[in-house]
> 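So that we are looking at the same thing, I have put the structure below in structure tokens.
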Amino acid sequence: MSITNPVFSSRLKTLATLGAALFVSAGVAAQTVVDQTAAAQTAEPQAWRTQLTPYVWMTGLQGYIQPVSGAPTVHVDKSFSDVLENLDAAFFVSGSARKDRWVLHGDFSHASTSDGASLPLGLSARAKVRQSSLTLTGGYNWQLAPQSSVDLMGGVRLWDIHAHVQVPGVAAAQSNTSFVDPVVAVRWRYDLGSQWSSLLYADAGGFGLGSDATWQALASINYQWRDNIYLSLGYRHLSVDYRSGGKRLDFSQSGPLLGVTLKY
């Protein structure tokens with residue numbers, strides 16, 4: 001036997017109807033908030049992500065230097081320890097910025113060294129080379145896999161080279177040379193684990209428009225020490241061959257490097 005209260009049933013139906021209406025309204029409001037948030041995120045442009053890497057490059061120096069036509073050509077072949085003994089100054093830093101798939105990259109190198117060399121007839125020559133290079137490139141990033149990506153870039157390398165050669169008691173010659181090389185570059189990054197990654201970079205240029213040829217290669221292993229601090233150990237080679245009007249600046253720098261990257 002059941003007892004039915006008409007007033008209670010009417011109130012129960014009213015509450016059920018009101019509850020259903022509130023539930024539907026809450027769902028619509030929640031979906032509206034989600035849609036508005038997603039639209040705002042889509043409309044808001046992604047911010048640039050930047051990083052800066054000062055590094056120590058333990059480079060040697062090899063090559064030939066003839067500052068002007070008719071001056072003696074000096075052959076230099078020194079290891080890092082030899083260069084360090086005659087190092088006048090050095091500074092190295094690189095940086096990059098990314099937004100979506102676009103990437104900008106820059107590297108600045110400056111080194112000044114002095115050295116001596118033997119010439120025929122018992123003569124000796126002393127050479128001093130001060131070179132600064134600034135490489136600026138930009139391009140696009142392709143995600144090859146979840147742990148791997150590649151940047152394809154193009155840009156320029158600006159050179160400023162001061163060379164001075166002196167043969168005591170005989171002659172002295174010097175030159176200041178500045179030129180710009182077009183370059184193409186590729187950089188490949190691969191994540192090795194939660195805190196480790198590897199980086200390979202190579203560029204080439206000159207093509208007779210600035211120097212006859214210039215190229216660079218770099219490989220490094222990177223460790224994430226803090227959320228925005230990375231430590232790098234690698235090896236770098238940079239080469240240039242410039243010849244014009246009897247002037248010859250044909251040298252390369254190679255050696256290991258240590259760097260600290262700060263991400264912003």
Side-chain angles (χ1 to χ4, degrees), residues 48-65 90-113 129-144 148-163 175-190 198-220 222 232 234-245 247-257 259 261:
W48 283 96
R49 297 166 291 139
T50 60
Q51 66 183 51
L52 187 67
T53 306
Y55 59 95
V56 177
W57 187 18
M58 294 164 279
T59 176
L61 179 66
Q62 303 83 30
Y64 295 89
I65 301 168
F91 178 73
F92 311 104
V93 64
S94 67
S96 65
R98 296 176 180 272
K99 184 176 182 180
D100 296 326
R101 291 296 182 183
W102 299 104
V103 57
L104 300 174
H105 179 70
D107 181 272
F108 176 75
S109 298
H110 172 80
S112 177
T113 60
V129 178
R130 183 179 71 244
Q131 72 89 6
S132 299
S133 64
L134 174 62
T135 303
L136 299 172
T137 57
Y140 195 78
N141 171 267
W142 275 269
Q143 194 73 29
L144 303 178
S148 175
S149 67
V150 63
D151 301 329
L152 296 181
M153 300 176 290
V156 295
R157 178 144 57 235
L158 295 81
W159 293 92
D160 181 46
I161 304 174
H162 173 84
S175 70
N176 294 299
T177 306
S178 298
F179 55 94
V180 179
D181 283 327
V183 295
V184 291
V186 59
R187 179 170 52 185
W188 177 63
R189 180 184 174 88
Y190 188 86
S198 61
L199 180 70
L200 296 176
Y201 172 91
D203 68 36
F207 312 120
L209 300 177
S211 66
D212 289 350
T214 181
W215 67 278
Q216 179 177 201
L218 181 149
S220 69
N222 315 295
S232 300
Y235 191 91
R236 180 189 181 196
H237 175 93
L238 175 62
S239 176
V240 63
D241 183 0
Y242 176 86
R243 308 185 192 203
S244 177
K247 180 185 300 183
R248 181 182 183 186
L249 301 171
D250 179 9
F251 62 88
S252 61
Q253 298 169 269
S254 303
L257 62 83
T261 297

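No experiment lies behind these values; they were computed from the predicted model shown. Below, each value reflects all heavy atoms present in this structure, side chains not excepted, and no hydrogens, waters or symmetry copies.
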> Can you tell if the side chain of S109 reaches within under 4.5 Å of the side chain of R236, non-hydrogen atoms only?
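A side-chain contact under 4.5 Å exists here.
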> May I ask you to test the W57-L218 pair for a side-chain heavy-atom distance under 4.5 Å?
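Contact flag for W57/L218 side chains = no.
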> P256 and Y235: which non-hydrogen atoms are nearest, and at how many Å?
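Heavy atoms only, the tightest pair is N-CD1, 3.6 Å.
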> Rounded to the nearest 0.5 Å, what separation is found between the OG atom of S254 and the CD atom of Q216?
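Here the interatomic distance stands at 10.5 Å.
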> Side chains of L238 and T59: does their closest heavy-atom pair fall under 4.5 Å?
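With C-beta onward as the side chain, the pair stays apart.
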> Of all the heavy-atom pairs spanning N222 and R189, show the shortest one and how long it is.
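Minimum heavy-atom contact is ND2-NH1, 4.4 Å.
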> Could you state the interatomic distance from CZ (R49) to CG (D100), rounded to the nearest 0.5 Å?
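Interatomic distance, R49 CZ to D100 CG, rounded to 0.5 Å: 8.5 Å.
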> Which distance, rounded to the nearest 0.5 Å, do you find between the CZ of R98 and the CG of L104?
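The distance works out to 9.5 Å.
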> Sequence neighbours left out, what passes side chain to side chain donor-acceptor pair (under 3.5 Å) with R101? Give chain and number order.
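Only N141, Q143 meet the side chain to side chain donor-acceptor pair (under 3.5 Å) criterion with R101.
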> Can you name the salt bridge (charged side-chain N to carboxylate O under 4.0 Å, His left out) partners of D241, sequence neighbours left out?
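Once residues adjacent in sequence are excluded, the partners of D241 under the salt bridge (charged side-chain N to carboxylate O under 4.0 Å, His left out) criterion are R243.
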> Taking CH2 in W142 as the centre, count heavy atoms belonging to other residues, nucleotides or ligands within less than 6.0 Å. Is the count above 12?
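Yes, enclosed.
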> Which heavy-atom pair separates A219 from L200 by the least distance, and what is that distance?
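For A219 versus L200, the nearest heavy atoms are CB-CD2, 3.4 Å.
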> How would you list, by chain and number, every residue that makes a side chain to side chain donor-acceptor pair (under 3.5 Å) with S96, sequence neighbours excluded?
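Scan of S96 (side chain to side chain donor-acceptor pair (under 3.5 Å), adjacent residues dropped) gives none.
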> Do V240 and L249 have side chains that approach each other closer than 4.5 Å (heavy atoms only, starting at C-beta)?
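No - every pair of side-chain heavy atoms lies 4.5 Å or more apart.
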> Which pair of non-hydrogen atoms, one from G206 and one from T214, has the smallest distance, and what is that distance?
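Result for this residue pair: N-CG2, 3.8 Å.
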> Donor-acceptor check, side chain of D181 to backbone of G205, threshold 3.5 angstrom: yes or no?
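Not confirmed, D181 side chain does not pair with G205 backbone.
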> Do I161 and F179 touch side chain to side chain, with heavy atoms closer than 4.5 Å?
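They are in side-chain contact.
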> Between W159 and T177, do the side chains contain an N or O donor and an N or O acceptor separated by less than 3.5 Å?
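Distance-only check fails for W159 and T177.
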> With a 4.5 Å cut-off on side-chain heavy atoms, are Y201 and S220 touching?
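SC-SC contact between S220 and Y201 ruled out.
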> Can you list the residues that meet the ring-ring contact (aromatic ring centres under 6.0 Å, His included) rule with Y64, with sequence neighbours excluded?
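Y64 satisfies ring-ring contact (aromatic ring centres under 6.0 Å, His included) with H75 only.
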> Over all heavy atoms of both residues, which pair between W188 and S148 is shortest? Give the atoms and the distance, please.
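Of all heavy-atom pairs spanning W188 and S148, the closest is NE1-OG, 2.8 Å.
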> Within the structure provided, determine whether F92 and L257 are in side-chain contact (heavy-atom separation under 4.5 Å).
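F92 vs L257: side chains apart.
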> Pairs under 3.5 angstrom only: tabulate donor-acceptor contacts from the side chains of residues 129-140 to other protein residues two or more places apart or in another chain.
unit_1 : atom_1 : unit_2 : atom_2 : d
Q131   : NE2    : Q253   : OE1    : 2.7
S132   : OG     : H110   : ND1    : 2.6
T135   : OG1    : R157   : NH1    : 3.1

> Heavy atoms only: give me the nearest D107-S94 pair and the separation to one decimal.
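Closest pair (atom of D107, atom of S94, distance): OD2-CB, 3.3 Å.
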> Can you list the residues that meet the ring-ring contact (aromatic ring centres under 6.0 Å, His included) rule with F251, with sequence neighbours excluded?
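Counting only residues at least two positions away or on another chain, F251 forms no ring-ring contact (aromatic ring centres under 6.0 Å, His included).
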> For S239 and S252, which I'm curious about, is there any donor-acceptor pair between the side chains at under 3.5 Å?
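Looking only at side-chain atoms, S252 and S239 do not form any donor-acceptor pair under 3.5 Å.
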